[in-house]
Amino acid sequence: MAAVPIESRSALSRLWNNQETRSLILQTVTLVVVLTLVGLVLRNVAINLEAIGKEFSFDFLNQPASYDITFSPFIEYSSRDTHLRAYAVGFQNTLLVAVCGIVAATVLGVTMGILRLSRNWLINRMVYVFLEFTRNVPVLLHILLVHGIIVTTLPPPRGAIDVGGTAFVSNRGFYVPAPVFEDGAGIVGLVLVAAIVAALLFRRWAKRVQVETGRIYPVFWICAAIIAGATALAFLLTGTPLAWEVPELKGFNFQGGMALKPEFLALWLALSYYTSCFIAEIVRAGILAVSHGQTEASFALGLRPNRTLQLVILPQALRIIVPPLVSQYLNLTKNSSLAIAIGYMDVVATIGGISLMQTGKEMETMIIVLGTYLVLSLIISAFMNWYNRSIRYKER
Amino acid sequence: MAESAPPSRYAPGTHPDLPPPVRTTGPIAWAHQNLFSSPLNIFLTLAGLWLLYSIIPPLVEWAFIKSVWSAASRAECWDRMEVAEEAACWAFINRRFEFFVYGFYPEAERWRVNLCFVMMILAIFPVLYDRMPGRRHWFWYVAAFPFLAGWLLVGGFGLAPVGTDDFGGFMLTLVIGVTGISFSLPIGIALALGRTSDLPVLRMLCVLFIEFIRGVPLIALLFVASTMLNYFLPPGTTFDLLMRVLIMVTLFSSAYIAEVVRGGLQGIPKGQVEAADSLGLSYWKAQRLIILPQALKISIPGIVNTFIGLYKDTTLVLIIGLLDPLGIGRSSLADSAWAGLAREMYLFIAVFFFLCCFGMSRYSLYLERKLDTGYGR
């Protein structure tokens, strides 16, 4: 190849072949194209909204929503309340099912992950079959299936399955006793928080002592004793400020107590066991990834098996487990939006569903829905990134 | 031997052969080691056996032994059983099978769907199986397949047009799944390259897009597609609902693919890029010949997982009113002749999805093993 001398190339070609100017040109062009597209879309939106006489405003949030929400455990709501309050209820329901789901999925997932590592061939295979079948079937199908089972195969409230006279299982939901807090319950709560803080401080102190002198305290048992003992003492001293309200059958349905509606139950159960299958594989892979030499080295140092697990295996396995675990938590939170398929009133079903239908404010409601999930995702991933950093290898 | 007392010492080579120890080999030892090695294991094994016993026989009886495979209605199904409702009524699926496969696709035009299906298998085969003779010549066919299939399914240009509202059932699942899978991979790779490139503006745009898409649920995006997208387009343009769904599903999974591929790109040692640079390769040549082949290889499991997720997520279109298999099933249940057969319907659809997704995950395992060049010789 005969190289063309640089001087004889055109100015343009020289610009193009200079790395810096080339990247500048490329980026300017991209930016102009993207901004033009965004501008076009915004212009279209303005024209389209004007053509049908709609206005872009969030004023509708203060108008009465005039629809009922059957499941709202913490926020008082009636159909006379505003769309904003309906949104708050929806947000509460999304959070509720996400938090409950994350807890249940973690417990179930870790259990199944450990069972998958078990030397017991039968259990190992059974868990494997369950995992493969569950995670290769759409989560929506699981949700609809569980909901269908609850609604169609459980007995109606009149013939509800009685669990010890205090809880009832029926196709209108599970009814369990509700705690009623009396005067002084707040003090017990404060004591509980204080005890947890004290236990954490003790743990730090014990760790420092161990590092400095090698003395090992039974940290777990002492912490448990601090938390349980202090709380129980406060509970007795304030005169047991807790009563239970037992559900009773009145007319066609149960009154009192705490009602877990079929929609909530179906969503919660289905999301938990579906997500737990992914968590199980993550946990298993994480534990397997810690080399066996680590265990042997730890035994050689004379650590007992449970100390080995606690001090050597788990800290290393967690580093591998946490990042994919977070994305499973995020997935569960996002999958909770499938609530709309069975009529559980979450963010999508309230503001993005009925409010949208009633007010015709597609843009505004969808912006609220998308924004809500974005903020939730960012919070969860920020928290988990912080946690992930705190357990990372401290490299020099 | 047993009669005469064995000598206490044997001369070398005279000791009789002993039978192998029962406790270290053979089925009994295996069971002992793997099922009954500790009290906890004994408990787990017994619990597992009890669980299997209480699930498998009733299930087999319900699904196969006592079930009814052909009948005109649910009532007839129940009549044919010894005890009504004691077993599965597969007649429902049997009767509605075509509805489950084609949705409302006109009966006279269904050969087009079948042809498409055959063509799809012919297109997928050379992609998946690399030892096929003349694989290179198939490339153009594979590249042309999505367009040919689109033409066959929608019609026009000499074929009777079929509205996309009539698409439904497993055919709809395949249309959304295959389109999403085949278009999201290149878009995802492009996004991943953008996110790892040296150009700050490009990187920012890619990060914004990826994080936005990954932060919101697919169902919210589908709602955007079904309610809001018309506002974004010039006045007067209408846009097919299925088309909007396809675009959204593709964009959605391409963001996830991008993150998987980025993980793969980050797993490539920097020395590879520098080696390519020192050989004088341009950016694209370096990516195509050196970086991407390695990065894609290590991201295969993640990519296939994303595909499986996409395939399962095709069921969500039910919520914005497209008739995927679940939608078909639910509307079939509304028919009074078949009402109440939800278990059969869900099991049938679950098995369909299981076969597809399990197949994909097995293939990815095979591919991983095949491409494993084994650094740890």
Side-chain angles (χ1 to χ4, degrees), chain A residues 23 26-28 30-31 34 40-42 44-45 47-49 51 115 118-126 132-133 135-142 144-145 148-149 152 327 330-331 333-338 340-341 347-348 352-353 356 362-363 365-366 369-370 373-378 381, chain B residues 30-31 33-37 40-41 44-45 47-49 51-52 198-202 205 211-212 214-221 223-224 227-228 230-235 308-309 311-316 318-319 326 330 340 342-343 346-347 349-351 353-358 360-361:
Chain A
S23 88
L26 274 176
Q27 296 191 67
T28 320
T30 326
L31 203 61
V34 170
L40 266 178
V41 164
L42 288 180
N44 285 340
V45 168
I47 294 174
N48 283 324
L49 281 178
L115 285 181
S118 147
R119 296 258 305 276
N120 189 318
W121 182 86
L122 183 72
I123 294 294
N124 198 326
R125 290 286 104 181
M126 279 173 67
E132 285 295 342
F133 196 78
R135 64 196 194 131
N136 281 318
V137 169
V139 62
L140 184 60
L141 197 150
H142 286 300
L144 292 175
L145 180 67
I149 288 175
T152 60
S327 64
L330 284 173
N331 278 349
T333 310
K334 283 181 281 173
N335 279 340
S336 73
S337 61
L338 298 181
I340 196 170
V347 173
V348 175
L356 186 154
E362 291 98 348
M363 299 286 282
T365 51
M366 285 329 291
V369 170
L370 293 177
Y373 280 104
L374 268 183
V375 170
L376 267 184
S377 300
L378 289 180
S381 56
Chain B
W30 181 88
Q33 279 164 12
N34 290 294
L35 299 175
F36 303 105
S37 57
L40 177 69
N41 258 341
L44 282 177
T45 305
L49 284 176
L51 205 63
L52 283 182
D198 296 331
L199 313 175
V201 172
L202 207 61
L205 288 174
E211 293 305 324
F212 171 74
R214 277 162 36 97
V216 297
L218 177 59
I219 190 66
L221 288 177
F223 269 130
V224 169
T227 60
M228 247 164 92
N230 271 347
Y231 288 109
F232 294 160
L233 300 169
I308 292 176
Y311 198 75
K312 289 186 294 180
D313 278 347
T314 56
T315 49
L316 302 199
L318 151 79
I319 293 170
L326 278 176
R330 288 179 117 198
R343 278 176 294 184
Y346 286 131
L347 193 63
I349 297 172
V351 167
F353 275 102
F354 174 76
L355 290 178
C356 297
C357 299
F358 191 67
M360 279 194 251
S361 74

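Just so we're on the same page: letters track the sequence lines, and every chain starts at 1.
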> In terms of relative ring orientation, are A:Trp121 and B:Trp30 parallel, tilted or perpendicular, with 30° and 60° separating the classes?
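Answer is perpendicular, since the angle exceeds 60°.
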
> Tell me, for A:Leu374 versus chain B, whether the close heavy atoms (under 4.5 Å) come from the side chain, the backbone, both or neither.
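For A:Leu374, heavy atoms of backbone and side chain both lie under 4.5 Å from chain B.
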
> Please assess B:Asn230 against A:Glu362 for the test side chain to side chain contact (heavy atoms under 4.5 Å, CB included), listing each intermediate value before the final yes or no.
CA-CA 11 Å; B:Asn230 271 347; A:Glu362 291 98 348; over 6 Å; no

> Before you tell me yes or no, could you show the steps for A:Leu141 and B:Thr315 under side chain to side chain contact (heavy atoms under 4.5 Å, CB included), namely the whole-Å CA-CA distance, both residues' side-chain angles and the distance that decides it to 0.1 Å?
CA-CA 8 Å; A:Leu141 197 150; B:Thr315 49; 6.0 Å; no

> Examine whether an atom of A:Ala51 lies under 4.5 Å from a heavy atom of chain B, and if so say whether it belongs to the side chain, the backbone or both; otherwise answer neither.
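No part of A:Ala51 comes within 4.5 Å of chain B.
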
> Which bit of A:Val45 comes within less than 4.5 Å of chain B, counting heavy atoms only: side chain, backbone, both or neither?
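Both parts, heavy atoms under 4.5 Å.
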
> Specify the closest pair of heavy atoms between B:Lys312 and A:Asn136, including all atoms of both residues, with the distance to one decimal.
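For B:Lys312 and A:Asn136, the tightest heavy-atom pair comes out as CD-C, 3.9 Å.
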
> Heavy-atom pairs under 4.5 Å with chain A: which of B:Ala47, B:Pro200, B:Ala31 has the most?
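Counting heavy-atom pairs under 4.5 Å, the top option is B:Pro200.
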
> Backbone N or O of B:Ile219 within a donor-acceptor pair of the A:Lys334 side chain at under 3.5 Å?
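No; zero donor-acceptor contacts below 3.5 Å.
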
> Using a 4.5 Å cut-off on heavy atoms from C-beta on, say whether the side chain of B:Phe223 contacts that of A:Val369.
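They are not in contact (no side-chain heavy atoms under 4.5 Å apart), so the answer is no.
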
> Identify which part of A:Leu370 has an atom lying under 4.5 Å from any heavy atom of chain B, answering side chain, backbone, both or neither.
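Looking at A:Leu370, backbone and side chain both touch chain B.
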
> Go through B:Ile308, B:Asp313, B:Leu316 and name the one with the most non-hydrogen pairs under 4.5 angstrom from chain A.
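Of the candidates given, the most pairs with chain A belong to B:Leu316.
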
> Nearest heavy-atom pair of B:Pro234 and A:Asn44: which atoms, and what distance?
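Of all heavy-atom pairs spanning B:Pro234 and A:Asn44, the closest is N-ND2, 3.3 Å.
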
> For each of B:Leu40, B:Leu233, B:Val351, B:Ile349, tally heavy-atom pairs with chain A at distances under 4.5 Å, and name the one with the top tally.
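Ranked by contacts with chain A, first place is B:Leu233.
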
> Considering all heavy atoms of both residues, which atom of A:Val137 and which atom of B:Ala350 are nearest to each other, and what is their separation?
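That closest heavy-atom pairing would be CG2-O, 3.6 Å.
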
> Below 4.5 Å from any heavy atom of chain B, which atoms of A:Met126 appear? Answer side chain, backbone, both or neither.
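When you check distances to chain B, only side chain atoms of A:Met126 fall under 4.5 Å.
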
> Counting heavy-atom pairs under 4.5 Å to chain A, which of B:Thr314, B:Leu318, B:Leu199 comes out on top?
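Of the candidates given, the most pairs with chain A belong to B:Leu199.
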
> Can you say whether A:Leu330 sits under 4.5 Å from chain B via the side chain, the backbone, both, or neither, judging by heavy atoms?
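For A:Leu330, neither part sits under 4.5 Å from chain B.
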
> Whether the side chain of A:Gln27 engages the backbone of B:Val201 through a donor-acceptor N/O pair (distance < 3.5 Å, no angle test) should be reported.
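Flag set: sc A:Gln27 to bb B:Val201 pair under 3.5 Å.
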
> Count the heavy atoms of every other residue, nucleotide or ligand shown that sit under 6.0 Å from CZ of A:Arg119, and state whether that count exceeds 12.
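No, because the 6.0 Å sphere around CZ of A:Arg119 holds 12 heavy atoms or fewer from other groups.
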
> Are B:Leu35 and A:Asn120 packed together at the side-chain level, in the sense that at least one heavy-atom pair is separated by less than 4.5 angstrom?
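Contact flag for B:Leu35/A:Asn120 side chains = yes.
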
> Measure across B:Tyr231 and A:Asn48 and return the closest heavy-atom pair with its distance rounded to 0.1 Å.
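Looking at all heavy atoms of both residues, the shortest contact is O-ND2, 2.8 Å.
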
> Given a strict heavy-atom distance threshold of 4.5 Å, which part of B:Phe212 is in contact with chain A: side chain, backbone, both, or neither?
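For B:Phe212, heavy atoms of backbone and side chain both lie under 4.5 Å from chain A.
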
> Against chain B, label A:Ile149 side chain, backbone, both or neither, depending on which of its atoms sit under 4.5 Å from a heavy atom there.
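Interface part for A:Ile149: neither.
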
> Sort out for me which of B:Leu202, B:Leu218, B:Thr227, B:Leu51 touches chain A most, counting heavy-atom pairs under 4.5 Å.
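Ranked by contacts with chain A, first place is B:Thr227.
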
> Give, as side chain, backbone, both or neither, the part of A:Ser337 having an atom under 4.5 angstrom from any heavy atom of chain B.
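When you check distances to chain B, atoms from both the backbone and side chain of A:Ser337 fall under 4.5 Å.
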
> If you tally heavy-atom pairs under 4.5 Å against chain A, which of B:Ala220, B:Cys357, B:Ser361 wins?
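Highest number of pairs under 4.5 Å: B:Cys357.
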
> Out of A:Thr30, A:Leu122, A:Leu26, which one racks up the most heavy-atom pairs below 4.5 Å with chain B?
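Greatest number of close heavy-atom pairs with chain B: A:Leu122.
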
